Protein chains: 2
Amino acid sequence: MVEMDVVVVGAGLAGLSAARKLVAAGKSVRVLEARDRVAGRNLGGFLSNGVPVERGGQWIGPTQTTVLELVAELGLETFASYESGDSLTILDGERIRYSDEYFGIPAEHLLEVGRLWARVEELAATVPPEAPWQAPDAHNLDRQTFDSWLTENTTDTVALRFFRFVVPAVFSAESSEMSLLHFLTYLKSSGNSLQTLLSLGGGAQERRVVGGTHQISERLASELGDSVQLGAVVRTISQNNEGVAVSYEDADASSIGVVTARQVIVAIPPTLAGRIRYLPALPASRDGLTQQIPAGAVIKFQVGYPTPFWREDGLSGFVASLDDAFNPVMDNSPPDASCGVLVGFLEGAHARTAAELSVTERRQIIVDTLVKYFGPQAAEPFDVVEQDWTAEEFTRGCYGGRLGAGVWTQYGKALAAPVGRIHWAGAEVAHVWNGYMEGAILSGRQAADEVLAAL
Amino acid sequence: MVEMDVVVVGAGLAGLSAARKLVAAGKSVRVLEARDRVAGRNLGGFLSNGVPVERGGQWIGPTQTTVLELVAELGLETFASYESGDSLTILDGERIRYSDEYFGIPAEHLLEVGRLWARVEELAATVPPEAPWQAPDAHNLDRQTFDSWLTENTTDTVALRFFRFVVPAVFSAESSEMSLLHFLTYLKSSGNSLQTLLSLGGGAQERRVVGGTHQISERLASELGDSVQLGAVVRTISQNNEGVAVSYEDADASSIGVVTARQVIVAIPPTLAGRIRYLPALPASRDGLTQQIPAGAVIKFQVGYPTPFWREDGLSGFVASLDDAFNPVMDNSPPDASCGVLVGFLEGAHARTAAELSVTERRQIIVDTLVKYFGPQAAEPFDVVEQDWTAEEFTRGCYGGRLGAGVWTQYGKALAAPVGRIHWAGAEVAHVWNGYMEGAILSGRQAADEVLAAL
């Protein structure tokens with residue numbers, strides 16, 4: 001009576017990685033994807049001149065070995081993010097140019113930033129990212145927001161502003177919107193180095209994929225062929241002693257279908273996983289968890305210029321502003337530099353405020369800010385491509401879900417724990433490079449292993 | 001083509017109050033209720049001797065004039081909660097007996113509790129509950145959890161423990177699980193008196209309804225007759241220029257239906273409203289809001305004894321423990337005292353921990369704790385009725401939804417703002433007695449007014 005061995009919900013990197021492993025083990029798999037495309041939070045796009053730009057996740061770093069190997073295996077190529085020249089930090093109207101690893105922080109504040117930086121890494125070292133609730137001081141780390149910790153631990157307003165820049169840059173959420181324990185868990189899962197999280201060379205933003213990261217998912221899906229079903233919005237998952245039934249509808253809810261299987265992997269962000277109806281209803285611990293893993297808010301912009309003119313000024317294109325909404329900004333030009341591209345973000349509170357504006361108003365803010373950073377040549381981009389991830393029905397925010405005060409210690413166990421025949425995957429479930437492509441792939445493979453053991 | 005003037009989703013007090021007002025104005029209304037009963041977070045039950053007990057919300061206070069008037073209008077009667085005699089506070093193993101309004105707090109801590117108490121009410125006075133984001137210091141009040149504020153503002157551990165008792169008693173959530181601004185908003189919405197929130201006589205727990213509060217909804221539903229459709233789990237709400245289409249299924253998802261109308265009122269908790277699929281998709285501001293209004297966690301117990309034996313010892317039955325999980329406890333005997341009933345709660349973190357135990361294990365904790373409070377006579381209840389609200393698919397937690405750090409200031413506007421033909425009601429939407437029956441009724445009537453203006 002059961003059609004497939006496994007249904008996978010979601011054709012992002014997690015779901016497709018799970019499906020690939022299951023198919024390789026000889027299992028029959030159906031991947032149900034709500035959108036008319038695969039790749040989830042990876043999304044390709046083009047500037048008006050035809051140059052490809054990524055509207056979603058784009059960078060890969062050196063310790064992200066799984067995704068690097070997968071990229072190579074799939075015949076894709078990477079290239080180094082551009083980072084030659086000086087970078088800029090904007091502080092109280094001043095444009096600080098620097099070429100070292102200190103983010104242009106004025107000398108009189110650098111010691112305090114360094115002290116907090118070291119303290120955060122010390123604290124993160126105590127957190128096991130596969131079970132943050134088991135950290136020795138978990139309860140205390142979890143009862144406060146990261147922002148409360150910062151304000152209790154420094155009176156240096158520049159240091160405070162620097163960390164309030166760092167957090168949205170990494171999470172698309174404010175330091176007040178996650179527990180200290182969540183920040184530490186995330187940091188620890190990526191190797192416990194803030195420098196790694198924030199850097200291009202040597203860090204999480206080191207390399208890019210020629211043509212775009214969405215091709216990873218596209219090639220995985222291509223291998224899977226007819227196993228991947230697009231336009232299938234999963235609404236209900238029923239399980240009993242025999243198996244699971246996964247019911248879906250199309251994007252405009254005009255047709256419905258159902259697939260039965262022995263096991264199911266739900267590989268979508270937790271806040272979306274919580275909207276599926278489960279029969280029987282999920283345990284309170286799992287439902288309580290998905291009630292409180294909101295996704296970050298980010299609007300990503302790609303701004304095209306005829307040339308990467310900032311390079312001529314000896315600038316890398318990297319800007320961190322402690323004054324402005326639009327940042328960080330980086331050089332995102334194609335590998336052949338056939339045109340210049342600056343990529344930048346409105347993140348966290350800035351994204352939420354800007355979402356109330358029109359596209360034209362947002363574009364004006366972006367261009368005006370780039371003129372401030374790079375001079376009058378920035379005033380005339382030939383194209384601006386924007387992508388608001390909070391408006392996407394089938395993502396509802398990037399970069400990922402975060403856990404607020406009290407959630408890791410009280411609900412964290414439910415993040416990865418299967419419920420009967422239902423298994424969970426996705427970047428949020430990973431305990432290595434949580435929130436990144438690397439983590440998504442690893443979580444998908446781990447869920448596949450769980451399912452193989454259960455089949 | 002449109003069948004009804006209005007569809008109301010949810011037959012709790014908010015939805016039924018909205019429907020009643022619309023019907024009174026001559027509009028055609030269909031109320032769709034997921035459960036096979038009305039009344040939502042109000043739920044009747046019985047001890048094994050046939051005495052009615054409330055498994056959900058039960059108390060009404062003197063400034064809750066709307067619900068008091070409605071109760072009278074519907075022919076129901078109220079009676080005063082029992083509070084004669086001394087109350088108990090448990091602290092470091094000591095059983096402190098008191099008869100004044102100071103909760104048995106030892107004299108050496110009372111001044112500090114009073115100072116914090118006054119400071120909280122001072123801060124709450126600055127918050128407009130209909131728009132907390134407009135409080136003068138809103139951003140600062142919202143960036144921190146209430147617990148962080150407490151730990152920054154006192155070093156008196158008993159005072160801290162007292163407030164860490166107060167918050168779960170009011171919210172079924174920990175002081176670390178909401179922003180300071182949320183606590184203040186809630187307090188202000190109920191008249192800005194902690195004493196009112198915590199008290200029986202003169203406060204929010206002053207009166208009870210003979211036979212149970214669920215009868216309010218039952219009588220409203222009875223008036224509405226066939227307009228109320230039970231067993232209709234709403235899954236999708238579509239709107240266009242003509243009207244709305246509300247699709248539902250039955251509890252086991254084996255049959256489906258649809259109702260069309262000109263307007264719709266969604267009167268279910270925000271965390272459940274966010275699980276409905278909306279076509280077109282809701283704005284990011286609304287979706288972001290429902291991603292982060294988790295419901296509290298509470299397991300409510302009614303413990304029946306042959307007599308209210310504690311009264312003979314001169315005790316009121318009220319216990320606040322700064323040591324134990326099971327509290328507060330109150331005398332919940334029927335008006336004729338034909339048997340003795342103690343009502344008590346596992347709230348917040350205590351509820352989440354206890355949910356992992358068996359019914360038998362929980363019962364043992366409850367009985368052992370009552371013996372500690374009231375002596376050996378408490379060891380032999382003739383019945384224990386428990387109700388875990390987090391396990392209820394169509395509530396998923398009580399007493400209500402709360403907003404964590406950053407949510408009120410960034411998403412609060414979306415709580416009550418209609419989206420096209422969709423209007424929002426429920427205890428969480430109220431700005432007077434937010435979270436209470438009073439607020440639910442007021443929010444339903446306000447949504448009805450919005451709809452009447454739009455029809």
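Protein chains get the first letters and strands the later ones, always in sequence-line order, with residue 1 at the start of each. Because the structure is a prediction, the values reported are computed rather than measured.
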In terms of ring plane angle, is the pair B:W408 and B:H182 parallel, tilted or perpendicular, where the classes change at 30° and 60°? parallel
Residue A:P283 versus chain B: region with a heavy atom under 4.5 Å: backbone
Is the shortest heavy-atom distance from the side chain of A:W149 to the side chain of A:L141 under 4.5 Å? no
One thing to verify: whether B:D323 and B:R161 come together as a salt bridge, which I'm taking to mean a side-chain N less than 4.0 angstrom from a carboxylate O. yes
Give, as side chain, backbone, both or neither, the part of B:A253 having an atom under 4.5 angstrom from any heavy atom of chain A. both
Heavy-atom contact with chain B under 4.5 Å, split by part of A:F394: side chain
Turns out that what part of B:D252 lies under 4.5 Å from chain A's heavy atoms comes down to backbone
Quick one: does B:R362's side chain have a donor or acceptor within less than 3.5 Å of a partner on B:L357's backbone? yes
Please state whether the side chain, the backbone, both or neither of A:A355 comes within less than 4.5 Å of a heavy atom of chain B. neither
Given the options B:T409, B:I276, B:T353, B:V233, which has more heavy-atom pairs under 4.5 Å with chain A than any of the others? B:V233
Region of B:R396 in contact with chain A, defined by heavy-atom distances below 4.5 Å: both
Under 4.5 Å heavy-atom distance to chain B, tell me which part of A:S148 shows up: side chain, backbone, both or neither. both
Part of A:R235 lying under 4.5 Å from any heavy atom of chain B: both
Heavy-atom contact with chain A under 4.5 Å, split by part of B:R286: neither
Part of A:E152 within contact of chain B (heavy atom distance under 4.5 Å): side chain
Contacting moiety of B:A173, where chain A heavy atoms sit under 4.5 Å: neither
If the threshold is 4.0 Å, N to carboxylate O, is there a salt bridge linking A:R41 and A:E428? yes
Atom CD1 of A:I256 with >12 non-hydrogen neighbours under 6.0 angstrom: no
Quick check on the interface: out of B:T145, B:D287, B:L272, who has the most heavy-atom pairs with chain A under 4.5 Å? B:D287
